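Have a look at the structure below before the remarks.
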Amino acid sequence: MGGRPVTAPARGARAERYDPTSIERRWRDWWDERGVNTTPDHDPERPNRYHLTMFPYTSGDLHIGHWFAMAPSDALARFHRMRGSNVLFPIGFDAFGLPAENAAIQGGAHPADWTRANIERMREQLRGMGAMFDLSREVATNAPDYYRWTQWWFLLLYRQGLAYRKEAPANWCTSCNTTLANEQVLEGRCERCHALVEQRRLAQWFLRITRYADELLQNEELDWPEHVKLMQRNWIGRSEGAEAAFPLEAPEGASGASEIRVFTTRPDTLCGVTFMVLAPEHELVERLTSEGQRAAVEEYVRQAAQSTDIERQATDRPKSGVFTGSYCLNPLTAERVPIWIADYALASYGTGAVMGVPAHDQRDFEFAQQFGLPIPVVVAPPAWDGSPLAAAYLEPGTMVGSGQFDGMPSEEAKEAIARHLEERGQGGPTVTFRLRDWLISRQRYWGAPIPIVYCDGCGEQPVPDDELPVELPYDVEFLPTGESPLARSEEFVAAACPACGGAARRETDTMDTFMCSSWYFMRYCDPHNSEHAVSAEAAAAWLPVDQYTGGSEHATMHLLYARFFYKAARDAGLVPGDEPFTRYFSQGQILGPDGRRMSKSRGNVVAPDTQVERWGSDAFRCYLMFLGPWEQGGPYDPDGIVGIARWLNRVWSVATEPVDLVEAGEPGAARAVRQAAHQTLARVTGDLERLRFNTMIAALMEYTNTLWRSRESGAQDSGAWGEAQELLALMLAPACPHLAEELWHRAGHDDSVHRQPWPEADEELVRRETVELPVQVNGRIRGRLTIPADADEEAVCQAALASERVRSHLDGREIVRTIYIPGRMLNLVAR
RNA sequence: GCCGGGGUGGCGAAAUCGGCAGACGCAGCGGGCUUAAACCCCGCGGCCGCUCGCGCGGCGUGUGGGUUCGAAUCCCACCCCCGGCACCA
């Protein structure tokens with residue numbers, strides 16, 4: 001560094017304006033021609049490092065949220081590349097999904113054509129960002145050579161026993177006309193279109209994510225935001241308790257069920273059971289219904305089936321239910337327990353049945369009150385006088401009315417009773433999760449077909465690997481009938497059975513698009529491999545991802561599914577490690593200028609293209625980073641970007657306009673410039689390490705202002721000034737890749753600024769020799785001293801007492817204590 | 001209801017191992033340059049009071065208490081906003 005000749009042109013030459021448009025286009029072309037952003041799998045001199053930003057859905061235009069997510073992510077990847085890593089920073093397209101199909105239904109283009117056009121537009125918009133994406137590794141999930149491997153993944157999971165087909169009540173979106181995973185239902189409504197969700201009984205494909213529930217729960221070690229890890233833990237919802245089997249009073253024949261199993265977290269309350277509640281969808285409902293109750297039960301079940309999730313989940317409505325006419329027996333006391341049906345029991349949690357303990361569960365309490373059932377206390381509150389309860393008693397207490405367990409603390413009785421059940425073969429300790437298996441069937445066209453064939457003779461058969469992909473036919477009708485459009489395509493449905501070769505039918509549902517995005521980050525490692533989804537070598541070279549960034553709205557969907565896939569891949573010996581994303585950072589959400597979510601209907605959308613056109617890509621990138629802390633997000637104020645534009649103009653001016661230079665300038669001034677440069681370097685480096693882009697930009701602005709002022713204050717030392725300019729270009733490189741490249745080349749270099757090593761701050765220059773030290777009297781500031789940073793306490797006190805103002809506040813009182821924090825402040829405590 | 005995160009100038013924010021509150025920027029105000037303009041330059045800027053002024057004093061980080069020489073930062077109680085979960089037995 002510092003090899004710049006002292007040949008500054010005379011001042012007064014006509015200044016060239018900063019013109020981002022032409023600069024940015026020129027350097028992007030140059031990078032592409034030189035392959036600056038192409039990342040080899042191995043670089044003998046650099047360790048591999050994998051940075052990843054979530055790929056965009058192909059909705060049509062890159063919106064400001066994409067820029068907000070990707071631009072800082074790119075700056076971070078660039079920083080690590082300059083720090084010496086061989087950084088992979090890929091991009092691609094999440095290209096299957098409902099919007100494409102809905103556009104087709106509304107009379108637009110075919111989903112494939114619509115998607116292709118969108119990808120072309122978005123690819124160009126992405127290029128405009130100037131990010132270091134390695135475009136040779138781009139993937140699109142709708143490409144047959146991608147979804148071939150999504151299907152291969154399905155079959156891998158199938159062979160591992162992790163994919164199964166089951167008839168079960170499923171979330172049905174009444175507007176999208178398809179099923180949804182639990183994670184895609186928000187407050188009883190479709191996550192995407194907000195239409196009401198109801199339950200439909202359908203044969204559907206599930207992925208057994210629950211097999212990994214325990215391991216997925218263990219996420220404490222991950223370097224992820226705590227709130228995201230917590231969301232996942234809450235979503236998985238591990239609950240310890242016991243299962244108890246209640247024998248039926250009148251079991252049916254040898255083949256039928258002879259008992260009802262329940263899960264409870266309160267085995268200590270088993271003797272307080274006065275009723276049993278089955279979910280309306282419970283498989284035993286029909287059998288247990290007596291003739292006398294049949295009409296009432298059927299009516300109740302019918303109504304439950306018709307009501308939407310939102311109606312059923314309302315917690316403030318009175319408990320409803322109906323008696324089946326049957327009884328079961330308490331396994332501990334052999335008491336008769338009436339069996340009811342009520343919709344507060346959920347078919348999908350535990351066993352779908354609840355033992356009703358009204359004295360010690362608020363819901364059961366309300367139910368018992370509603371229907372006049374007894375409420376016997378079995379866990380006595382402290383100093384309980386035997387009177388009836390006004391509400392369920394949920395706290396620990398002393399066991400009563402529980403036979404041999406009476407007198408025991410209820411916390412002990414939990415385990416004692418669970419063990420007792422186990423010994424007698426009536427259940428025992430167990431763990432239940434809130435997490436459900438992942439429903440992946442979608443009755444839609446625009447997704448990867450599930451590679452299964454149904455044969456009347458051989459049953460369900462996986463499509464052999466060498467017949468993949470099961471390709472989507474182009475010519476189909478997109479009517480949303482609630483059945484997959486593929487079902488009406490004769491050419492698609494007809495298949496030969498892989499086992500017997502006879503006539504068979506293909507599965508016509510497609511896969512949830514979260515399947516596609518659960519492994520895309522693996523495909524980037526080896527995007528063109530036609531033999532494997534990802535080769536062992538490529539996986540070893542890049543996985544797991546070192547730094548992932550993206551929105552936390554995916555906490556319980558994508559981020560959980562991807563972890564599940566990774567663990568299944570690990571168990572199949574395909575990938576190293578246990579977790580796909582070592583470090584993950586979630587940026588906040590960018591909002592409209594009015595502080596609300598941007599949407600066309602609100603008319604508060606700011607298009608990135610217009611911002612880039614007006615201010616340049618670098619300015620737009622920097623402004624998004626400058627808004628505030630990245631994890632926080634916030635409103636986009638279109639007026640604020642002028643501040644960035646002014647700053648970059650100033651950068652341009654400081655870095656390109658002629659300055660009076662002398663071989664050896666005034667030493668104090670030269671040192672001041674060098675100090676500013678290195679102090680800024682230390683700040684910028686620290687900020688990038690901690691992903692604090694807003695303060696990084698502020699530090700660069702301060703630095704620019706310092707250079708601006710010192711330029712005006714007379715002739716500059718050529719060495720110090722040259723170094724200051726080079727450091728400016730290097731420090732700008734992560735945030736403003738185009739401008740930095742331009743300035744780097746104007747400083748006389750031929751190679752790319754983005755291939756330079758990140759400079760090291762000189763500690764000696766970072767340290768300050770003198771500081772302005774506030775002097776407090778009794779904690780209130782009464783003066784300031786400019787003193788050497790390492791001044792000792794005695795010298796500082798003396799200097800402080802020399803101040804008239806400090807003395808006047810001491811007012812002749814005695815100093816009883818002095819507190820001196822070198823470099824920070826001096827406090828004189830007087831009495 | 002439960003669990004997270006957060007309340008700092010007109011606005012976005014900075015400063016959290018307790019040590020100068022408001023860096024940096026927007027908007028605003030005053031001045032300059034210009035025939036004119038600002039995506040130009042210089043300057044001012046928390047609030048109140050005293051002062052011609054230099055200055056000086058008081059108040060001030062959602063509210064009320066507390067700990068401390070010293071609190072935006074730590075503790076207790078409360079209010080408000082955002083996010084997640086919510087009849088999960």
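The sequence lines fix the lettering, A, B, ..., with proteins before strands; numbering per chain opens at 1. Predicted model only: the values in this text are computed from it and were never measured.
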Compare the minimum distances between each of B:A23, B:A89, B:A13 and the side chain of A:A698, then state the nucleotide with the smallest one. B:A23
Checking A:R189 against A:H194: is there a side-chain donor and acceptor pair closer than 3.5 Å? no
Measuring only the P atom in each nucleotide, how far is B:C80 from B:G64? A whole number of Å is fine. 16 Å
Integer-rounded Å distance: B:A89 P and A:R266 CZ: 12 Å
Find every protein N or O atom lying less than 3.5 Å from an N or O atom of nucleotides 80-84 of chain B, and list the pairs.
none

In this structure, which one of A:F693, A:W630, A:W224 forms a ring pair (Phe, Tyr, Trp, His ring centres under 6.0 Å) with A:F585? A:W630
Can you check the distance between B:C56 and B:C40, where both ends of the measurement are the P atom (answer in whole Å)? 35 Å
Taking the six-membered ring of A:W647, is the NZ or CZ of A:R650 close enough (under 6.0 Å from the centre) and on axis enough (within 45°)? no
Counting the atoms with a prime plus P, OP1 and OP2 as sugar-phosphate, which does A:R233 contact under 4.0 Å by heavy atoms, base, sugar-phosphate, or nothing? nothing
If you only use heavy atoms from C-beta on, which nucleotide in B:G12, B:C42, B:C85 is closest to the side chain of A:F626? B:G12
Of all the choices, B:C56, B:C40, B:A89, which nucleotide is nearest to the side chain of A:F263 once you look at every atom? B:A89
So do the side chains of A:N171 and A:N182 get within less than 4.5 Å of each other, counting heavy atoms only? yes
Under 4.0 Å, heavy atoms only, any strand: does A:R692 hit a base, just the sugar-phosphate, or nothing? sugar-phosphate
Proximity of A:Y623 and A:W615 rings by center, below 6.0 Å: no
Nearest whole Å is fine: how far is B:C20 C1' from A:I787 CD1? 13 Å
Does a side-chain heavy-atom distance below 4.5 Å link A:M355 with A:T269? yes
Minimum-distance nucleotide to A:N694 side chain [options: B:A89, B:A13, B:A86]: B:A13
Check every strand shown and say whether A:P629 touches a base, only sugar-phosphate, or nothing at a heavy-atom separation below 4.0 Å. sugar-phosphate
Pick base, sugar-phosphate or nothing for A:L230, based on heavy-atom distances below 4.0 Å to the nucleic acid. sugar-phosphate
Could you check whether any side-chain N or O of A:N604 sits under 3.5 Å from a backbone N or O of A:S599, counting only pairs where one atom can act as donor and the other as acceptor? yes
With a cut-off of less than 4.0 Å, is there a side-chain N or O of A:R709 near OP1 or OP2 of B:C42? no
Looking at B:C20, B:C24, B:A89, which one has an atom nearest to any side-chain atom of A:T264? B:A89
Would you mind telling me which of B:C20, B:A89, B:G57 lies closest to the side-chain atoms of A:D361? B:A89
Considering just the side-chain nitrogens and oxygens of A:R434, establish if one lies under 4.0 Å of OP1 or OP2 belonging to B:A86. yes
If you only use heavy atoms from C-beta on, which nucleotide in B:C39, B:C42, B:A89 is closest to the side chain of A:N649? B:C39
For B:G25, which nucleotide in any strand shown is its Watson-Crick or wobble partner with both distances under 3.5 Å? B:C11
Using atom P of each nucleotide, how far apart are B:A72 and B:U61 to the nearest Å? 7 Å
Please determine if a side-chain N or O atom of A:R824 lies less than 4.0 Å away from the OP1 or OP2 oxygen of B:C20. yes
Would you mind pulling out the nucleotide paired to B:G1, Watson-Crick or G-U wobble, both distances under 3.5 Å? B:C85
Judged by modelled atom types alone, do A:Y820 and A:E794 share a side-chain donor-acceptor pair under 3.5 Å? no
Would A:R17 pass as a cation-pi partner of A:W652, given that its NZ or CZ must be under 6.0 Å from the six-membered ring centre and within 45 degrees of the axis? no
So if I take every side-chain heavy atom of A:T695 and compare against B:A15, B:C24, B:C69, which nucleotide ends up nearest? B:A15
Interatomic distance, A:I590 CD1 vs B:G12 C1' [rounded to whole Å]: 11 Å
Measuring to OP1 and OP2 of B:C40, would you say a side-chain N or O of A:R646 lies under 4.0 angstrom away? yes
Taking any heavy-atom pair under 4.0 Å as a contact, classify A:M701: base, sugar-phosphate, or nothing. sugar-phosphate
Hey, does A:W647 reach any base, or is it just sugar-phosphate, or nothing, if we go heavy atoms under 4.0 Å? nothing
Taking the same atom, P, in B:A21 and in B:G66, what whole-Å distance lies between them? 22 Å
Classify the nucleic acid contact of A:A345 as base, sugar-phosphate or nothing, counting any heavy atom under 4.0 Å across all strands shown. base
Can you name the one residue among A:F371, A:Y300, A:F275 that meets ring pair (Phe, Tyr, Trp, His ring centres under 6.0 Å) with A:W340? A:F371
Review item, nucleotides 58-60 of chain B N/O atoms under 3.5 Å of protein N/O:
residue : atom : partner : partner atom : Å
B:G58   : OP1  : A:R782  : NH2          : 3.3
B:G58   : OP2  : A:R782  : NH1          : 3.1
B:C59   : OP2  : A:R780  : NH2          : 2.5

Within the 4.0 Å heavy-atom criterion, would you say A:R784 contacts the bases, only the backbone, or no part of the nucleic acid? base
Quantified in whole Å, what is the C1' atom distance between nucleotide B:A14 and nucleotide B:G22? 7 Å
To check you understand the geometry: which heavy-atom pair defines the closest contact between A:A181 and A:W438, and what is its length? CB-CD1, 3.9 Å
Euclidean distance, atom CG of residue A:L773 to atom C1' of B:G19 [Å, nearest integer]: 10 Å
What nucleic acid atoms does A:I819 come within less than 4.0 Å of, heavy atoms only: base, sugar-phosphate, or nothing? base
Contacts of A:L346 and A:H227 projected onto RNA chain B by closest heavy atom; the upstream (5') one is A:H227
Do you see a donor-acceptor pair shorter than 3.5 Å between the side chains of A:R711 and A:S653? yes
Under 4.0 Å between any heavy atoms, over every strand shown, what does A:E631 touch: base, sugar-phosphate, or nothing? Just pick one. nothing
What is the distance, to the nearest angstrom, from the CD atom on A:Q587 to the C1' atom on B:G5? 16 Å
Picking from B:C20, B:A13, B:G25, which would you name as closest to the side chain of A:N705? B:G25
Given that both distances must come in under 3.5 Å, which nucleotide forms a Watson-Crick or G-U wobble pair with B:C50? B:G55
Side chain of A:S239 only, heavy atoms from C-beta on: which candidate in B:C56, B:C42, B:A89 is closest? B:A89
Take atom C1' in B:G12 and the same atom in B:G31, then report the distance between them in whole Å. 27 Å
Say you pick atom P in B:C82 and the same atom in B:G30; how far apart are they, in whole Å? 38 Å
Mind calculating the distance between CG (A:L627) and P (B:G12) to the nearest angstrom? 12 Å
Would A:F367 and A:Y344 count as a close aromatic pair, with their ring centres under 6.0 Å? yes
Between CZ of A:R650 and C1' of B:C42 the distance, given in whole Å, is 10 Å
I'd like the P distance from B:A15 over to B:C24, given in whole Å. 13 Å
Starting at atom CZ of A:F367, determine the distance to atom C1' of B:A89, rounded to an integer number of angstrom. 13 Å
Pick one: which of A:V377, A:D361, A:V378, A:V379 meets side-chain contact (heavy atoms from CB on, under 4.5 Å) with A:Y393? A:V379
